[in-house]
Amino acid sequence: MTRVHVITRDNRALYEECIQQFYRLRYQIFVGERGWDSLRGADGLEIDTYDNEHAIYLLAIDAGRVVGGQRLYPTLLPHMISEVFPHLVQLGIPQAADIFEWTRYFVVKERRTGRTDCRLLAAMQEFCLEKNISEVTAVVEMWWLPRWQQTGFKVRPLGLPQIIEGQPCIAAAIEISAASLEHVRELAGLRGPSLVQQAITSPSAQRVPHAAA
Ligand code: A1S
């Protein structure tokens with residue numbers, strides 16, 4: 001079964017190959033498929049200012065292959081909403097130790113309309129609950145709103161929608177809760193915790209754990 005791995009600065013050395021895959025897939029999906037031209041670069045990798053030691057990646061990995069991913073970033077630091085999209089927020093940019101920004105979410109094409117999407121959403125709720133994160137913020141196209149409703153996520157708009165690259169987009173805050181996790185776990189066909197959190201000090205730590213993937 002595809003598991004979702006938590007990658008932070010503390011265990012990143014175990015996942016360098018997967019992180020490179022993640023950057024490459026981001027380029028293929030956000031630039032190639034979605035046409036977000038502002039992210040276009042020369043090397044076929046999509047890496048931005050927020051891919052630094054503070055970024056937390058939750059990657060769906062199947063036998064060493066990244067099949068979906070997402071990034072969390074502390075809002076106490078300058079982040080995408082505060083630096084790039086402050087105009088989308090009319091009600092004050094949420095910034096606190098227990099609020100993280102959620103970006104770069106995708107599922108590879110072959111895994112869409114399956115359970116990978118809900119497993120990634122469950123992983124995000126599970127990780128945040130465990131770390132006492134109360135809310136995540138995001139800038140999204142409007143089609144995310146019905147998706148979140150279906151997955152049982154509670155969403156608070158932070159401002160009015162505005163057009164970005166031809167699409168109506170909104171900044172929003174999503175509540176982290178046991179109820180939302182329970183709901184999305186059911187959709188994902190999960191009965192309990194699903195995150196893989198490898199510590200670099202663990203004696204069994206290896207590069208990309210195929211057995212756990
Ligand atoms: C920032 C995001 C933050 C959360 C961090 O019947 P359909 O095909 O219409 O059902 C679709 C649509 O309802 C909707 N949908 C997906 N992509 C859409 C688009 N570009 N425009 C309008 N509506 C869109 O979701 C339904 C299911 O989509 P899917 O692709 O068939 O399957 P799945 O497995 O639910 O995957 C959804 C995601 C968004 C993960 C996948 O389409 C993907 O990775 N897309 C490319 C990356 C992306 O756009 N990420 C969001 C912005 S990052």
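Just so it is clear, the structure is predicted and the values come from calculations on it, not from any experiment. Counting starts at 1 for both ligands and their atoms, following the listed order. Residues take their numbers from the sequence shown, with the count starting at 1.
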Enquirer: Sort out for me which residue in Glu165, Gln167, Gln28, Glu141 forms a side chain to side chain donor-acceptor pair (under 3.5 Å) with Arg34.
Expert: Glu141
Enquirer: Could you name the protein residues that come within less than 4.0 Å of ligand 1, counting only heavy atoms, and order them by chain and residue number?
Expert: Ile29, Phe30, Arg34, Trp36, Trp102, Thr103, Tyr105, Phe106, Val107, Arg112, Thr113, Asp117, Val140, Trp143, Trp144, Arg147, Trp148
Enquirer: Can you find a side-chain donor-acceptor pair between Tyr27 and Asp43 that sits under 3.5 Å?
Expert: no
Enquirer: Find out whether the Lys NZ or Arg CZ of Arg26 is both under 6.0 angstrom from the six-membered ring centre of Phe22 and within 45° of the ring's axis.
Expert: yes
Enquirer: Scan for ring-ring contact (aromatic ring centres under 6.0 Å, His included) pairs involving residues 72-96, sequence neighbours excluded, and state none if there are none.
Expert: Tyr50-Tyr73
Enquirer: Could you tell me whether the side chain of Glu46 and the main chain of Arg40 form a donor-acceptor pair under 3.5 Å?
Expert: no
Enquirer: Charged N to carboxylate O under 4.0 angstrom, Arg112 versus Glu33?
Expert: yes
